[in-house]
Amino acid sequence: MDIPFTVKNRPDTGLYNGKLGVWLFLASEVMLFGGLFSAYVFLRTGVDSWPVGADILNVPLATLNTMFLITSSVTMVMSWASLKLNDFKKFKLYAGLTLLLACLFLVVKYFEYTAKFDHHLFPSTNNFLGIYFTMTGLHVLHVIGGIFVIYYYWRKFDHNHRTLINNIFCALFLVAIFTNWDEGIKGYETTNGLISIVLLLVALVSSRKEQFKLKTKYLILGTFFVGALGIFNFHGTGYYLFLFLGLLAIADSFIFKSNTTYESDPEHFTNRIEIVGLYWHFVDLVWIFLFPVLYLL
Amino acid sequence: MLEILQKLGLPKVSASTQGPGIDHTISLTHWLMLILFIGWGIFFIYTLIRFRSSNNPKAEYAGVRNHYSSYLEVAVAVIEIGLLFGFAFPIWASRVNDVPVGPEVVEIRVVGQQFAWNIHYPGSDGVFGKTSLDLVDEAENPIGIDRSDDFAKDDIFTVNQMHIPVNTPINILLSTKDVIHNFKLPELRVSQDAIPGMEIPVWFEATMTSEEFLKTTEGTGREGKGFEIACAQLCGLGHYRMKGFLTVHNDEGYSAWLQKELEYLEEEEDDDWGDDEW
Amino acid sequence: MTIDHHKQSFWTKYVFSTDHKIIGIQYGITSLVWLLFGFVLMMIMRYQLAYPESPIPFVGGLIGEGGILPSEMYNSLGAMHGTIMIFLGVVPLAFGAFGNYFVPLQIGAIDMAFPKLNAASYWMYFLGSVIMGIGFFVPGGAANSGWTSYPPLADIATTGQTVWLFGMVMLITSSLLGSINILATVIQLRTEGMTWMKLPIFVWTQFITAFLLLLAFPPLEAAGVLQLMDRLAGTSFFMPSGLVVSGEVLTNAGGGSPLLWQHLFWFLAHPEVYVLILPAFGIVTEVIANNTRKPIQGYKSLVYSMVFLGFMSFVVWAHHMYLTGMGTSIGAFFQTTTMIISIPSVVILTALLLSLWGGSIRFNTPMLFALGFLPMFGIGGLTGLPLGLAAADIHLHDTYYVIGHFHYIVAPGTIFALFAGIYYWFPKMTGKRTNEMLGKLHFFFSFIFMNGVFMPMFIQGLAGVSRRLWDGGEIYAHAADVLYLNEVMSVSAWLLGLSQLFFIINMIISLKGEKTGEANPWDATTLDWTDTTSPPLGHGNFEKVPTVYCGPYEYSVPGSKEDFTPQSKKG
Amino acid sequence: MTPEEVKHHIKTYVLVFVALAFLTVVTVAISYLDLSVRPAVILALIVASIKGSLVACYFMHLIDEKVTIYWTLLATVAMFMVLMFVPLGTMLNHTQM
Ligand code: HEA
Ligand code: HEA
Ligand code: CUA
Ligand SMILES: [Cu+2]
């Protein structure tokens with residue numbers, strides 16, 4: 001027996017379960033960020049002086065980031081509309097753009113954060129920075145969550161894309177390793193690095209061939225672990241990137257099973273994209289408020 | 001009702017000007033509670049007995065059809081409004097807003113800390129001397145009084161010992177060095193949280209001296225033990241033992257105490273000087 | 001038959017199941033174990049209160065030197081008792097277990113709207129509770145700043161507090177998933193004919209509870225994150241500058257406010273107390289309707305009162321903060337809302353009392369617990385009134401009067417209602433009957449000793465004895481006259497503990513017993529009893545999904561042959 | 001939804017996008033005007049609210065949503081307001097240092 005109204009709307013409410021569910025979830029998110037905004041207002045009115053965000057933070061970068069998010073929101077809704085028009089190619093294009101923009105957002109955020117740290121501006125420096133890091137940090141977590149989910153729907157079903165993704169990962173791995181090359185060059189780290197590279201190359205080559213598919217994922221996993229051994233050698237930011245990508249690779253190969261929802265039930269798939277979209281727009285909406293509140297006032 | 005509550009445990013003494021008002025509110029509320037509980041209770045028990053299945057094998061579909069219960073509910077609401085406007089609001093407003101000012105008011109700073117009450121009197125000039133974080137020394141100077149400040153020279157400082165005159169408005173400026181405490185004088189019905197970062201005025205007027213109070217305790221479990229300062233907010237592992245003593249003097253007694261403290265202070269200064277010399 | 005019969009391994013069937021009934025039972029067992037554990041903590045503490053500084057029997061060895069409970073450990077057991085009872089015990093039992101098991105059954109749904117989310121919610125709760133438990137083993141012991149975790153005390157507390165915060169974040173996330181699920185289930189999966197005004201009150205209470213959890217919990221999650229930042233990243237959201245802790249001047253940047261935490265905490269914690277009581281109302285209503293054999297008096301006024309109660313519960317929180325230096329106008333606001341919120345409670349209780357009138361009352365075990373609930377909740381609720389008036393609260397704040405107030409509501413109140421629910425639905429969940437004799441003994445002894453524990457608290461509270469005192473107030477002269485009560489309460493608490501043996505034994509023998517084969521032993525009307533077998537079928541619940549024709553409490557309908565008319569019966 | 005409607009929607013999306021981009025520029029521009037705190041806050045919040053509503057109404061289709069969702073959000077917004085402003089009330093009213 002299937003649970004009713006997972007795809008079709010319930011006549012009296014006019015909703016399918018997932019949509020109601022995501023709105024309820026967003027309601028709780030409103031209260032979550034509400035708690036933080038409330039804290040912000042409370043702390044700010046409670047003290048005599050409060051720094052102006054623009055004096056400390058980088059407004060042009062944040063403006064750029066705002067643009068990224070707004071654009072990603074519109075591409076997201078377009079991807080859903082494309083599905084409604086049964087244009088799967090367009091969906092891939094728009095959802096891919098959304099992903100790209102979201103990643104760009106993170107890259108910018110990364111530079112913003114590290115710039116602050118370099119200037120010895122930490123959450124503990126003062127309450128403005130404290131709330132800045134907490135709020136944007138939580139928002140970043142939401143963005144990352146969104147990226148995972150969108151990626152999940154974007155990458156499935158198409159084998160060529162799948163291999164392409166694996167290749168991109170491999171390439172990124174290489175970048176990650178080379179950025180740390182000068183540190184990893186000495187002693188046994190070198191062997192470590194070399195093994196990684198060999199494995200990666202094999203992975204790269206094999207992932208182009210359909211019949212090696214299964215092996216690819218083990219190879220990537222192996223690379224990750226060998227690389228993880230190198231954690232003790234790799235320092236600095238490249239290491240985190242490396243770790244992150246490794247995690248992504250694992251997730252990609254193992255957690256996300258091939259999904260054929262679109263082929264079997266396009267309506268269900270479209271609904272899911274609508275739900276993801278609602279979430280994504282909410283993340284955008286939060287930023288729309290965070291931006292002036294933290295950067296401009 | 002007040003008598004009943006006092007039998008039950010409410011301190012018989014309510015030794016401040018606000019005390020009786022607070023007791024009155026408590027006892028009126030308990031009247032309301034008691035009446036509701038007894039009324040509903042009688043109905044409850046009666047119903048249970050009368051409508052037990054052996055006595056009433058066939059239940060009635062319709063149930064109660066009159067509206068008495070609605071009237072009762074409205075009555076409860078009305079009484080609550082009465083309690084709010086008649087007692088709770090005015091007493092609260094007087095406690096919060098009517099902070100007394102003027103020369104006759106005794107101002108005392110009380111600074112809570114884990115796990116003691118620091119008590120700071122302005123001394124004869126009536127002005128609190130400066131305090132400074134840098135001078136804080138747990139053993140000698142817990143609140144960091146800056147004795148080089150002119151106003152601070154005559155400031156009296158005690159730990160866990162508070163002395164006040166009877167029938168005089170007292171204004172306590174309550175703060176804390178570390179975590180939240182609660183300054184509570186159970187027999188005077190005074191209680192106020194000490195919140196870090198805030199200095200909150202607490203005012204009251206004692207209506208009974210310690211001596212008179214001790215008379216009332218004769219023959220009870222607490223014979224010979226005077227007024228206390230309790231800490232009523234969890235403040236760490238020593239919360240249970242954060243206790244101070246309050247002595248309410250008559251006017252002469254208070255002046256005598258002040259005088260003695262000031263003399264003591266001078267002696268101490270002499271001592272200090274002597275120490276340095278040595 | 002359309003029910004799934006495909007083979008499932010033990011693991012997918014009983015452990016990682018997505019069947020709401022299995023998840024409900026998982027919730028139930030876990031939370032009962034925690035309830036018992038929370039109670040054991042309190043029995044240990046009560047030994048110290050009754051006989052300060054004497055070695056604790058049985059468990060003294062675990063505690064350390066000489067078996068005497070040190071004061072910091074007293075604080076940590078107290079904080080954990082509060083946390084465990086509320087977040088790991090009562091809420092998961094009332095909302096997680098009963099809600100999960102019976103909401104879908106009562107509305108004629110084949111499962112929850114999001115079964116996977118449901119399982120995730122349970123496992124999140126399980127993980128959160130394990131994290132809470134780990135707190136006991138970190139240096140400095142578990143969180144020891146009270147379940148309220150007021151900073152700055154909590155900011156500077158030992159590592160246990162960090163563990164507590166992580167645990168809370170997990171638990172909050174779990175509750176959010178659970179509440180989304182219940183809300184979506186009730187809104188979307190009601191069977192044909194099950195209109196809003198035909199929902200059993202139990203479903204209504206779960207629905208409102210879910211709303212409270214959904215909207216009140218996230219701000220605490222935000223607050224928890226802020227406190228974690230304070231503790232781990234050195235921010236000072238809750239700390240002003242210039243604090244001196246044990247002689248050391250703290251170097252944090254300052255500018256924060258301890259009151260911010262209190263606001264965010266009570267913004268959750270007041271609605272939370274209604275989370276503790278609403279499901280209890282629901283269970284009691286079901287049991288009373290069933291055992292008076294007549295409809296509930298004023299179904300609509302009950303529903304409206306509960307909705308109103310839920311709504312109002314968001315605007316009364318600062319009645320926990322009168323003594324933080326609150327001004328007059330905002331004080332008046334919160335006093336007024338607090339008085340207003342007591343009215344729907346009076347209406348609910350009155351409706352339940354009036355429902356007894358004209359009934360044909362059967363005094364079986366569930367009914368006894370439900371009836372016991374009424375006056376006990378009455379005492380607890382009524383003693384909330386003086387606390388709600390700021391003037392009276394000056395004397396009563398943070399005394400044992402407050403402890404008495406809420407324990408009357410949660411212990412002989414909610415816990416009794418939960419017992420009523422367990423006894424009432426036991427035949428449903430297992431297909432077996434519980435032993436009436438043991439059940440009644442369990443009730444009468446629990447009833448007596450509950451009062452023995454909590455009634456003296458009002459006396460101590462009136463005398464002004466503070467809560468959270470390691471020595472039970474021995475040091476204070478104003479406690480001298482009421483000190484003897486500590487022993488009375490402690491002995492009652494231990495006897496209360498012993499009385500629970502009736503329950504545990506009852507459960508064990510009843511579980512071992514034979515299935516009775518009756519689907520509807522109580523002659524009840526709601527769908528959980530009338531359209532399913534006992535225990536209900538696996539995935540799918542119903543042989544044929546029922547259609548609903550009448551209200552939930554059609555007992556003794558004039559002119560009908562039987563004294564109950566199931567909701568799915570045409571006519 | 002028919003393809004026609006969807007196409008119509010897409011037009012709206014593009015318009016909304018342009019409006020959002022424009023308003024972003026406006027907020028930043030306002031911040032360079034060096035207004036005093038109060039008008040700056042009010043203006044910035046007004047602009048942000050307009051942007052927020054645009055996203056909510058058009059991208060999230062709130063403009064023609066079902067009543068169930070309206071009710072949920074109404075309750076949420078009410079509680080959000082309480083959470084934002086009532087604590088502030090207690091603080092402004094607190095006896096300050
Ligand atoms: C389920 C839990 C629950 C419930 C339902 C309530 C209900 C109420 N609570 Fe309570 N409360 C707590 C749990 C609960 N509370 C807890 C846990 C704390 C302490 C937290 C801490 O500090 O650790 C607390 C603390 C607390 C305080 C703060 C005290 C202080 O710290 O100084 C206040 C103050 O206003 C208060 C008020 C009320 C009021 C007015 C109600 C009202 O809603 C009650 C309304 C009910 C009635 C008025 C009863 C009606 C009865 C009848 C009609 C009679 C029936 C008679 C028979 C059947 C015979 N509560
Ligand atoms: C839901 C909440 C809840 C419940 C049910 C209880 C139940 C009890 N509480 Fe607790 N209590 C709190 C919430 C609760 N408490 C809170 C929040 C505090 C404040 C903490 C703080 O200061 O921060 C507190 C504080 C507190 C204190 C004050 C400590 C102090 O201030 O120093 C005391 C003192 O006696 C106490 C006693 C008890 C007792 C004797 C029970 C008894 O009623 C317990 C009865 C329990 C049962 C009857 C459980 C039976 C379960 C079973 C039998 C399960 C069987 C299991 C299986 C079959 C597997 N509690
Ligand atoms: Cu100070 Cu408790
Ligand atoms: Cu409350």
Side-chain angles (χ1 to χ4, degrees), chain B residues 5 8-10 22 25-26 29 33 36-37 40 44 47 51-53 56-61 63-64 69 73 76-77 80 83-84 87-89 91-93 96-97 133 136 138 177-180 186 189 191-193 195-197 200 220-222 225 228 230 232-234 236-237 240-241 243, chain C residues 71-72 146 150 152-153 240 242-245 247 249 258 293-294 297 323-325 327-328 331-332 335 339 343 346-347 350 353-354 356-362 378 382 385-386 389-392 394-395 397-398 459 462-464 466 468-471 475-478 480-482 556-558:
Chain B
L5 291 176
L8 282 179
L10 190 69
I22 290 172
T25 318
I26 295 182
T29 321
M33 291 151 63
L36 277 176
F37 190 73
W40 266 246
F44 181 57
T47 325
F51 294 103
R52 63 188 192 276
S53 56
N56 190 35
K58 185 89 188 74
E60 224 178 282
Y61 180 75
V64 181
S69 65
E73 282 149 13
V76 173
E80 284 181 356
L83 281 170
L84 280 176
F87 300 91
F89 291 170
I91 292 174
W92 189 251
V96 178
N97 295 340
L133 273 186
V136 171
E138 287 306 320
K177 270 165 75 177
D178 38 41
V179 302
I180 302 176
R189 310 291 188 270
S191 175
Q192 169 62 49
D193 280 356
I195 310 277
I200 303 171
T220 69
R222 67 174 301 180
K225 292 174 183 156
E228 283 170 327
Q233 183 68 258
L234 180 65
L237 58 96
Y240 73 96
R241 60 177 149 88
K243 172 176 114 158
Chain C
S71 72
E72 58 270 33
Y150 279 3
L153 185 61
L243 296 188
V244 187
V245 177
V249 181
R293 317 302 301 159
K294 69 181 277 292
Q297 188 81 30
L323 295 189
T324 53
T328 41
Q335 293 182 62
M339 287 303 115
I343 301 297
V346 174
V347 173
T350 309
L353 277 179
L354 289 181
L356 301 172
W357 187 270
S360 167
I361 302 170
R362 306 189 299 211
L382 290 171
L385 298 180
L389 299 169
I394 294 174
H395 183 63
H397 176 65
D398 260 347
I459 298 175
L462 281 172
S466 296
R468 296 164 170 169
L469 294 176
W470 173 64
D471 63 354
I475 198 172
Y476 286 117
H478 67 261
D481 285 335
V482 291
S556 304
V557 181

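Reminder, nothing fancy here: chain letters follow the sequence lines and each chain counts from 1.
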How far apart are the closest heavy atoms of A391(C) and I91(B), and which atoms are they?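 Closest approach of A391(C) to I91(B), heavy atoms only: CB-CG2, 3.7 Å.
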Engaged part of [X] at the chain B interface, taking heavy atoms whose separation is under 4.5 Å:
{"X": "A480(C)", "answer": "side chain"}
{"X": "S466(C)", "answer": "side chain"}
{"X": "P386(C)", "answer": "both"}
{"X": "V249(C)", "answer": "side chain"}
{"X": "Q297(C)", "answer": "side chain"}

Name the region of [X], side chain, backbone, both or neither, that has any atom closer than 4.5 Å to a heavy atom of chain C.
{"X": "L234(B)", "result": "both"}
{"X": "E228(B)", "result": "side chain"}
{"X": "S53(B)", "result": "both"}

Side-chain contact test, heavy atoms from C-beta onward, threshold under 4.5 Å: evaluate it for [X] versus [Y] and give yes or no.
{"X": "Q233(B)", "Y": "L323(C)", "result": "no"}
{"X": "D471(C)", "Y": "R241(B)", "result": "no"}
{"X": "L353(C)", "Y": "T47(B)", "result": "no"}
{"X": "I343(C)", "Y": "V76(B)", "result": "yes"}

With respect to chain B, which residue among V245(C), V347(C), V482(C) yields the maximal number of heavy-atom pairs within a distance under 4.5 Å?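 Ranked by heavy-atom pairs under 4.5 Å with chain B, first place is V347(C).
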Within the 3.5 Å criterion, strictly below it, is a donor on W92(B) or T328(C) matched to an acceptor on the partner's side chain?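 No.
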What's the separation between atom CD1 in I22(B) and atom CG in L389(C), rounded to the nearest 0.5 Å?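 The CD1 atom of I22(B) sits 11.5 Å away from the CG atom of L389(C).
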